[in-house]
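Everything quoted here is computed from the prediction, not taken from an experiment. Proteins come first, then strands; the chains are lettered A, B, ... in the order of their sequence lines, and each starts at number 1.
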Amino acid sequence: MKTIVLRLYLTGQSAYGLEARSNLRALIKEFTDYNFELEVLDVLEDPQMAIEDKVIATPTLIKRQPLPTCRIVGDLSDKARVVRALSLRAADEIQPGTE
Amino acid sequence: MTDVKKHVEIEKLASGIDGLDQICQGGLPKGRSTLISGTAGSGKTVLAAQFLIKGLENWGEKGVLVSFEERPQDMIHNVSAFGWNFQETVDKGDISIIDATPVAGEVTVEAGRYDLAALMARIEYVITQTGAKRVAIDAISALFPQFSDHQMVRQELQRVVNGLRELDVTTIITMEREAEDGQIARFGVEEFVTDNVLLLRNRLEAEKRRRTIEVLKFRGTAHHKGEFPFTIDEQEGVTIMPLSAMELTQKSSETRISSGVRELDIMCGGGMFRDSIVLISGATGTGKTLMVTEFMKSAVEKKERSLLFAFEESRYQLIRNARSWGIDYEEAERQGYLRIICSYPESKGLEDHLIYIQREIDKFKPTRIAVDSLSALERVSTLKSFREFVIGITSFVKQREMAGMFTNTTAMLMGGESVTETHISTITDSIILLRYVELHGEMHRGVTVLKMRGSWHDKYIREYVVGEHGMEIKDAFQGVAGILAGNPVYTYRDERSQLKQMFDEPDA
């Protein structure tokens, strides 16, 4: 099972952040063929991490693994774009023999 | 208790940048943001970095630099070119850099709505952690291409500006504009930071680069209006010349000093004033450089320091000529009473010459300076920057309570006036004219004190000769009129008085 390591940056209890969180949770539920490792960080509580990851906008979702890394900004309401950016494929699309 | 609203002038924060605080009448509005807008290469980043460095140097105020365009390493490298040890400052944590540049080699996808709260959170975190008082936000225009929703970026920047105000830090925000005139900044940024705007310009005038700064507006507080020239050099970064904002506060001295020529001192009513500027104007070969030499010599003999800026002759020529007039420049330099600085007028812009001259004066601390010649400098500049140069050097010399002698070469051999003269005559305290006079088919030389502020002076035109031992002033020309106009007319009534005047010594 392919593992995807994600880090989501939010700002406090902002509406965009809550939205992003629930959109991401739905996505994880949908793509059952992947093993998602999700870490959620609040820039107000962990500014040091935001500095290291050079986060400017929130919400920001960073795909840390597999490489190459990529980042998605926004509340993740545009599901098609998120799926494409994370290179996710639905269960029936996965061909035998591929990882 | 005190609910009565009073109109309170916004407090200013001295920037510590030479000249900026004068044109801003005290400094930047304290606790507010000031937008600095200019075209590429106009000096915005240098000014922003200098604002932080000067705050640290002068008042120990820590700073935060938010960079949207240059990576921290590039920023440190570029700023260090100005002789500031930026790396050490950053390592010690006195100035913190927030890297807000896009992550290299990483794709950013937009999927839904977002804001820039993380940016503000990072800035706020660093400010509260370090206790910074000054913030410089460099190149916010670089933020716009990163995000598709420009309206959102503008709103978020407004939030940052408001947030910084609550944190009570004084902020400089730099922003690129496309042209020297027209729209203040790209992407409609002026819509949100409208209170305080400085414009930097870098115009090409008569094939010369001319940098200026203008305080476009300071809401609710005073500032000087118009454009002021500035320079950027590797020693000090930005230096602004607050020419028209300068105040004539120098007290004037009653102490007289010798010009080096005894008769000339008498013509001036006892010598020049210690803190005055004398302009020596004459055609080529009339002895201007000689007068400068006498002026320097007189100081050296009194064991006072003098500084000579030569723009026409080489060091070797000057030393050789001076020796023939009885002063050993090299020996005087060895003893530390004299310093000669020769440079080509074309070597730098006039603004840079001025800064250089001012620095050399402060380094050597002379009691007299001479500039030989102003007209050589005029050749390489526009009229406007030349006038600013003369005002700048004049007020600087006066502030330091020194005596200054400037020479000016007139274009015409006989009489006439030069552009230089008409433009600077009101600025100098005294004007001495040296003129060729043609009498009975012979060339003579005439000297007259045209103006001597605050003193009686001789009104005659006197003959002088350049002899073996320098300048020798003789008696007044008699029976001739129109010398200054360049066409002398003899005014003898008859042959007898002509003969009498030609052979008798006239009374001075």
Side-chain angles (χ1 to χ4, degrees), chain A residues 6-24 26-27 40-88, chain B residues 64-73 90 93 96-130 137 139-140 142-157 159-160 163 167:
Chain A
L6 298 173
R7 187 176 280 168
L8 178 66
Y9 281 97
L10 312 168
T11 309
Q13 295 297 311
S14 78
Y16 295 163
L18 295 175
E19 183 80 8
R21 220 172 171 158
S22 75
N23 283 333
L24 188 58
L27 201 78
V40 181
L41 294 168
D42 184 341
V43 294
L44 300 178
E45 282 165 20
D46 268 314
Q48 199 62 50
M49 289 298 284
I51 289 169
E52 272 166 42
D53 274 331
K54 294 174 69 171
V55 176
I56 293 175
T58 45
T60 289
L61 179 68
I62 302 176
K63 182 192 77 169
R64 287 154 50 80
Q65 289 289 342
L67 296 174
T69 61
C70 90
R71 62 178 67 198
I72 303 165
V73 296
D75 58 14
L76 312 178
S77 53
D78 190 338
K79 187 182 152 195
R81 279 193 153 194
V82 181
V83 169
R84 209 177 314 131
L86 295 177
S87 317
L88 299 179
Chain B
V64 173
L65 177 63
V66 185
S67 177
F68 285 107
E69 201 168 49
E70 287 182 90
R71 273 158 227 297
Q73 268 321 309
V90 172
S96 314
I97 302 183
I98 295 179
D99 183 0
T101 60
V103 182
E106 198 178 72
V107 186
T108 300
V109 178
E110 283 180 22
R113 294 163 306 158
Y114 53 90
D115 56 35
L116 303 184
L119 175 65
M120 188 57 215
R122 284 168 63 184
I123 297 174
E124 187 170 345
Y125 171 72
V126 176
I127 290 173
T128 46
Q129 284 292 305
T130 59
I137 300 181
I140 49 168
L143 191 58
F144 287 87
Q146 294 184 47
F147 301 102
S148 60
D149 186 352
H150 291 181
Q151 185 53 37
M152 180 278 300
V153 177
R154 277 191 289 271
Q155 270 171 18
E156 292 300 305
L157 284 174
R159 208 159 83 172
V160 170
L167 290 167

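Only the side chain of B/Gln146 comes within less than 4.5 Å of a heavy atom of chain A; its backbone N, CA, C and O stay farther away. Of the two parts of A/Pro68, neither the backbone nor the side chain holds a non-hydrogen atom closer than 4.5 Å to a non-hydrogen atom of chain B. Residue contact with chain B, scored on non-hydrogen atoms closer than 4.5 Å, involves the side chain of A/Thr11 exclusively.
Going from atom OG of B/Ser67 over to atom CD1 of B/Ile140 covers 12.5 Å, rounded to the nearest 0.5 Å. Atoms CD1 and CG, on B/Ile137 and B/Leu65 in that order, are 9.5 Å from each other to the nearest 0.5 Å.
Salt bridge annotation for A/Arg7-A/Asp53: present, with a cationic side-chain nitrogen under 4.0 angstrom from a carboxylate oxygen.
No side-chain donor-acceptor contact under 3.5 Å links A/Ser87 and A/Lys63.
Of all the heavy atoms in B/Pro102 and B/Arg71, the pair that sits closest is O-NH1, 3.5 Å.
When each of A/Asp78, A/Ile51, A/Leu76 is checked for heavy-atom pairs under 4.5 Å with chain B, A/Ile51 comes out on top. By number of non-hydrogen pairs under 4.5 angstrom with chain B, the leading residue of A/Ala50, A/Gly17, A/Ala80 is A/Ala50. If you tally non-hydrogen atom pairs under 4.5 Å between each of A/Asp42, A/Leu10, A/Val43, A/Ile56 and chain B, the highest count goes to A/Ile56. Contact count against chain B (heavy-atom pairs under 4.5 Å) is highest for A/Gly74 among A/Ser77, A/Gly74, A/Ser14.
Side-chain atoms of B/Asp149 come within 3.5 Å of backbone atoms of B/Met152 as a donor-acceptor pair (strictly under, hydrogens ignored). In this structure, B/Arg122 contributes its side chain and B/Asp99 its backbone to a donor-acceptor pair below 3.5 Å.
Every residue was checked against the side chain to side chain donor-acceptor pair (under 3.5 Å) condition with B/Thr130, not counting sequence neighbours, and none meets it.
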Exercise for the section: Take A/Leu6 and A/Leu86 through the test side chain to side chain contact (heavy atoms under 4.5 Å, CB included) and record every step on the way to the result. Expected result: CA-CA 10 Å; A/Leu6 298 173; A/Leu86 295 177; 3.9 Å; yes

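Within residues 110-120 of chain B, the residues having any heavy atom closer than 4.5 Å to a heavy atom of chain A are B/Glu110, B/Ala111, B/Gly112, B/Arg113, B/Tyr114, B/Asp115, B/Leu116, B/Ala117, B/Ala118, B/Leu119, listed by residue number.
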